[in-house]
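To keep things clear, I will list the structure first and then write my remarks on it.
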Amino acid sequence: MIIYKLIVFLPLLGAIIAGLGGGQIGAKASEYVTTGLMLIVAVLSWIVFFNVALGSQEHITVPVMRWIQSGGVDVEWAFRIDTLTAVMFVVVNSVSSLVHVYSIGYMHHDPHRPRFFAYLSLFTFAMLMLVTSDNLIQMFFGWEGVGLASYLLIGFWYKKPSANAAAMKAFIVNRVGDFGFALGIFGIFVLFGSVNLESIFAAAATYLPAAAEHATEAAAAATTEHAATATDVVINLFGLQLDKAGAITAICLLLFMGAMGKSAQFLLHTWLPDAMEGPTPVSALIHAATMVTAGVFLVARMSPLFDLSHTALIVVTLVGTITAFFAASVGLVQNDIKRVIAYSTCSQLGYMFVALGMGAYGAAIFHLFTHAFFKALLFLCAGSVIHAVSDEQDMRNMGGLRTHIPKTFWMMFIGTIAITGVGIPGTLIGTAGFFSKDTIIEAAYAAHSPLAGFSFAMLVLAATFTSFYSWRLMFMTFYGRPRAPHDVMHHVHESPNVMLIPLYLLAIGAVLAGVIFHENFFGEHYAEFWKGALFTSPGNEILEHYHHVPLLVKWSSFIAMIVGLFVAWVFYIRSPWMPAYFANQQSGLYRFLLNKWYFDELYDIIFVRSAKWLGRFLWKQGDGTVIDGLGPNGVAARVVDVTDRVVRLQTGYLYHYAFVMLIGIAALVTWMMLGSSF
């Protein structure tokens, strides 16, 4: 039991030491303490993975302390340890520990290193709280924790206005999704009377008649009353009277709204590219292991609920499909090396949600697992390139770096072949991305979903785009003539070993993670690997049928990769004049993609400007004119008016006062005379 508590709380201990004591122990000590603790946690995470996921250990609950007891709410702070948790342990802690090591070299000139490493460890702790949650309240605590940590890290260089704006954007956009997540939690409590995952899953198994059919005879008999009242109104949501099926759908959509925010899905994606304003190690941590994987984890963890709503799964599939295509199309023309990789993340997350929507939960987590290795590798390689060329991020000002930083080049080459899915279908020859992405594409084709054909076609097209922009990045950065100024090229240098060693380790995962684990995540060993951690309904035949797809489907991803590579080679190696020519010929489309479908401009008009106008109106008219004008300021103004008039009576001249006294005496005598006469 102690090993699980060490995994969760050691990062918190490191964050406290570096955050509160960094000024006393110094920057070096802060780096070594936080990084050392994270390396211990990473080793322990792999031990848990082999014991739980690859071993015989079943799901266990590790109690920590009593937390909330109020009315019908009884929440215990406990860790839910199963295969899904073990997989997330490996993803989060392996990447985080390597990011810590890498940051020792990357941030060595920054004067605020203790604060930076404290934030990194705090980020890791919050994500671990999320993935180990045994109830939805604890999950929401970790959910908001990663939101806070991302805000702190994106805006780490807070003296830069662009960094502050990006941090605020990420925080605000995620509040939209978090609102849906919170409402989903409230709805679950109303329906099931509990926020504990075990209780929710047990009730969900027999909540609907369709689900009860697959339960045991005893459970089915116990739910006869439920079946008879399945159409009764059970919840009132936004004025809608919902029966059981409608309530489950609404709750799943609210939970997915939260996932859309954290995992930067279409419409709530705008914060992710701007998050590049933070230091590059932060980008690697956000995109590979923490923030954006939280939404995928949420849907996978709540799979027993999502599997009850066909409508919710269709929405998840549709949003994931659009996201995969949209982000890949935008990545085609971006020039900032980190933004290209950022839109790549957005697109790959779309793949994961398509798999979740199709009911292929294991395939989604498999891609999350492999994606962590090659995406962290790509971002850290990008950081190594930026470090080498004096903080330049525009690929148009690079080129010819292959011979100057050969180690970084080869590591980025490995990351590129992993994300583009280089491999031979039907064999064990292939990179991590080849196995996991092909699994999702084949599962999309084989799924019994009305969106199966549409999703399959869009994912293959997105794979073509992915190959093009990934190789475009390689060719623009490392090939051709140098486009950087001479003084920059003169100082180009390879990164130190403290930055290169994490790249070597991530490269191993980017190459081998797919071939080693594909049978476990979504293959022959699926049942004994997951041990019920992911829900698969008895009617879900995708696991059995996705291998039996036409040969062209199996080769579609490979063909897409070759097409993208060939076009990128023609554009940027053979005929480098062609990109500018096509940009001029298709200037409207080029500007549309370069400006990211104009979502930022659209949101600025609809939400930002309208919110500013409303705020200014309430400030000037509501607060200034009405409240202050009729309230404190108005009363004060009337008092001033009265005192001004009273002050005029006090002239300071003696004869004025004598005159007033005479008038007063005359008035008094007159009053007395008139009074006596009556």
Side-chain angles (χ1 to χ4, degrees), residues 49 53 83-84 87-88 90-91 94-95 263 287-289 292-293 296-297 299-300 320-321 323-324 328 344-378 414-447 455-456 459-460 462-463 466-467 470 506-526 529-530 534 542-543 546-547 549 553-558 560-561:
F49 179 76
T83 299
L84 182 57
V87 170
M88 295 305 296
V90 168
V91 169
S94 296
V95 172
S263 293
H287 287 248
V292 299
T293 62
V296 179
F297 171 83
V299 177
T321 302
T323 304
S344 165
T345 299
C346 195
S347 180
Q348 298 306 308
L349 288 166
Y351 278 83
M352 298 176 204
F353 279 103
V354 169
L356 292 170
M358 297 294 183
Y361 303 110
I365 301 301
F366 184 31
H367 197 46
L368 184 153
F369 181 78
T370 61
H371 177 264
F373 292 105
F374 60 73
K375 187 49 58 69
L377 176 61
L378 287 170
I414 291 174
T416 300
I417 64 174
I419 192 174
T420 57
V422 173
I424 302 176
T427 70
L428 295 179
I429 300 174
T431 58
F434 164 76
F435 285 98
S436 59
K437 189 159 64 174
D438 277 25
T439 297
I440 292 176
I441 291 175
E442 293 176 21
Y445 181 87
S455 295
F456 168 74
L459 292 185
V460 173
T466 300
S467 179
S470 297
L506 290 169
I508 294 173
V511 173
L512 299 179
V515 67
I516 293 176
F517 296 111
H518 72 282
E519 290 295 342
N520 299 101
F521 280 87
F522 204 68
E524 294 182 2
H525 307 303
Y526 180 91
F529 178 77
W530 288 110
L534 295 179
I542 190 172
L543 186 62
Y546 93 99
H547 279 306
V549 296
V553 173
K554 287 183 175 292
W555 282 83
S556 59
S557 181
F558 178 83
M561 181 270 297

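All values below were derived from every heavy atom in this structure, side-chain atoms included, with hydrogens, water molecules and symmetry-related copies excluded. We count residues from 1, following the sequence as given.
- Looking at every heavy atom in both residues, Ala513 comes nearest to Phe366 through O-CE1, 4.1 Å.
- Shown here are the side chain to side chain donor-acceptor pair (under 3.5 Å) partners of Thr293, two or more places apart in sequence or in another chain: there are none.
- Here the shortest heavy-atom pairing between Val95 and Ala288 reads CG1-CB, 4.1 Å.
- No donor-acceptor pair closer than 3.5 Å links the side chain of Glu519 to the backbone N or O of His525.
- Nearest heavy-atom pair, Leu459 versus Ala324, reported as atom, atom and distance to 0.1 Å: CD2-CB, 3.8 Å.
- Contact record, Pro425 with Gly423: CD-O, 3.6 Å, taken as the closest heavy-atom pair.
- Between Asn520 atom CG and Thr83 atom OG1 the span is 9.5 Å, to the nearest 0.5 Å.
- Between the side chain of Thr431 and the main chain of Ile417, a donor-acceptor pair closer than 3.5 Å is present.
- By the side chain to side chain donor-acceptor pair (under 3.5 Å) test, Ser557 is found to be paired with Asp438, residues two or more places apart in sequence or in another chain being considered.
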- Could you walk me through whether Leu349 and Thr323 pass the side-chain contact (heavy atoms from CB on, under 4.5 Å) check? CA-CA 8 Å; Leu349 288 166; Thr323 304; 5.7 Å; no
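- The shortest side-chain heavy-atom distance between Thr370 and Phe517 does not fall under the 4.5 Å cut-off.
- The closest donor-acceptor contact from the side chain of Lys554 to the backbone of Val549 lies at 3.5 Å or more, if one exists at all.
- Contact detail for Val553 and Phe456: the closest heavy-atom pair is CG1-CE1, 3.7 Å.
- Separation of atoms NE2 (His518) and OH (Tyr526) is listed at 15.5 Å; rounding is to 0.5 Å.
- Within the 4.5 Å cutoff, side-chain heavy atoms of Trp530 are placed close to those of Phe521.
- Evaluation of the side chain to side chain contact (heavy atoms under 4.5 Å, CB included) rule for Ala510 yields Phe374, Leu377, Ile414, Ala418 as partners, not counting sequence neighbours.
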Side-chain donor-acceptor pairs of residues 439-447 under 3.5 Å, sequence neighbours excluded:
residue	atom	partner	partner atom	Å
Thr439	OG1	Phe435	O	2.6

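- For the pair Met88/Leu368, a side-chain contact is recorded, criterion being any heavy-atom separation below 4.5 Å from C-beta on.
- Remark: Ser94 pairs with Trp46 by the side chain to side chain donor-acceptor pair (under 3.5 Å) rule, at least two apart or across chains.
- Within the structure, every pair that satisfies the side-chain hydrogen bond (donor to acceptor under 3.5 Å, both in side chains) test and touches residues 345-359, not counting sequence neighbours, is listed here: His287-Thr345, Thr345-Lys375, Gln348-His367.
- Closest approach of Ser470 to Thr466, counting heavy atoms only: OG-O, 2.7 Å.
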- Task: For the pair Val422 and Phe434, evaluate side-chain contact (heavy atoms from CB on, under 4.5 Å) and give the outcome as yes or no after the intermediate values.
- Result: CA-CA 6 Å; Val422 173; Phe434 164 76; 6.0 Å; no
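- Taking CD1 from Ile365 and CZ from Phe529, the interatomic distance works out to 10.0 Å, rounded to the nearest 0.5 Å.
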